[in-house]
Asks: 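Dropping the structure in here first, questions after.
Note that the coordinates shown come from a computational prediction; the quantities given were computed from them, not determined experimentally.
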Amino acid sequence: MTGAEWARIRRGLRFGQVFEGTVVNVPRPGAIGIFVDIGLSVGGFVDVLLLPEHSDDWPVKGTVADFEIWWADSRQQIRLKPSDSRYLRDDFTDFVGRWRPQWQSAVGRPVCDPRPPTPR
């Protein structure tokens with residue numbers, strides 16, 4: 001995907017926007033997270049930090065569920081959070097309060113283009 005295509009897709013995205021998605025890969029249960037196809041030409045990913053502590057409680061490959069846009073940065077990937085509380089960490093409300101206290105005010109706002117990545 002070109003940078004221009006990614007920019008075009010991003011312009012149509014909003015924090016909290018819900019997509020029905022299918023879990024397509026759970027590469028290392030309990031370690032990194034899950035990959036989700038949400039019907040766009042860019043992939044979706046749910047980070048391990050948002051999922052239940054025990055990977056047995058994670059959605060498995062083939063699970064169809066609703067996912068919300070949680071974050072998007074310079075990577076050509078949309079960070080998602082499960083809409084279904086069964087697939088969220090048990091202390092999600094406390095987690096959001098500690099790490100993204102402005103989450104509720106971000107819901108509905110455009111996913112803006114980030115600054116260019118900083119060379120390492």
Asks: Just distance, no hydrogens or angles: give the donor-acceptor pairs under 3.5 Å from side chains in residues 19-32, sequence neighbours left out.
Replies:
none

Asks: Report, as yes or no, whether the 6.0 Å neighbourhood of atom CZ on Arg109 holds more than 12 heavy atoms from other residues, nucleotides or ligands.
Replies: no
Asks: Quick one: pull up CD in Gln104 and CZ in Phe15 and give me the separation to the nearest 0.5 Å.
Replies: 13.0 Å
Asks: In terms of ring plane angle, is the pair Phe45 and Phe35 parallel, tilted or perpendicular, where the classes change at 30° and 60°?
Replies: tilted
Asks: Report yes if the side chains of Met1 and Ser41 come closer than 4.5 Å at any heavy-atom pair, otherwise no.
Replies: yes
Asks: My understanding is that only one of Val18, Leu50, Ile38, Ile34 makes a side chain to side chain contact (heavy atoms under 4.5 Å, CB included) with Leu80; could you say which?
Replies: Ile38
Asks: With a 4.5 Å heavy-atom cut-off, do Asp91 and Arg98 have their side chains touching?
Replies: yes
Asks: Please answer: with hydrophobic residues joined when any side-chain heavy atoms are less than 4.5 Å apart, are Val48 and Trp99 in the same cluster?
Replies: yes
Asks: In Å, rounded to the nearest 0.5 Å, how long is the span from CD1 of Ile78 to CD of Glu68?
Replies: 13.5 Å
Asks: Honestly curious: do Val36 and Leu40 fall in one hydrophobic cluster under the side-chain, below-4.5 Å linking rule?
Replies: yes
Asks: Got more than 12 heavy atoms from elsewhere within 6.0 Å of CH2, Trp103?
Replies: yes
Asks: Return the minimal non-hydrogen interatomic distance between Val107 and Gly16, and the atom names on each side.
Replies: CG1-CA, 4.3 Å
Asks: Could you measure the distance from the NE2 atom of His54 to the CZ atom of Arg89? Nearest 0.5 Å is fine.
Replies: 12.0 Å
Asks: If you compare all heavy atoms of Arg86 against all heavy atoms of Pro52, which two are closest, and at what distance to 0.1 Å?
Replies: O-CG, 3.7 Å
Asks: Answer yes or no: is there a donor N or O on one side and an acceptor on the other, between the side chain of Trp58 and the main chain of Leu51, under 3.5 Å?
Replies: no
Asks: Do Asp66 and Asp84 come close enough that some side-chain heavy atom pair is under 4.5 Å?
Replies: no
Asks: Quick check for you: to the nearest 0.5 Å, what is the distance between Thr63 atom OG1 and Lys61 atom NZ?
Replies: 11.5 Å
Asks: Are Ile69 and Phe95 connected in the hydrophobic side-chain network, where two residues link if heavy atoms are under 4.5 Å apart?
Replies: yes
Asks: Do you know the tightest heavy-atom contact between Arg14 and Pro110?
Replies: NH1-CB, 3.3 Å
Asks: So do the side chains of Phe92 and Val96 get within less than 4.5 Å of each other, counting heavy atoms only?
Replies: yes
Asks: Kindly confirm or rule out a cation-pi arrangement of Arg100 over Trp70, judged by NZ or CZ under 6.0 Å from the six-membered ring centre and within 45° of its axis?
Replies: yes
Asks: Flag the pair Phe67 / Val46 as yes when at least one side-chain heavy-atom distance between them is below 4.5 Å, and no otherwise.
Replies: yes
Asks: Just wondering, more than 12 heavy atoms not from Glu53 lying within 6.0 Å of its CD?
Replies: no
Asks: I'd like to know if Asp47 pairs up with Arg79 as an ion pair, taking the criterion as any Lys NZ or Arg NE/NH1/NH2 lying under 4.0 Å from an Asp or Glu carboxylate oxygen.
Replies: yes
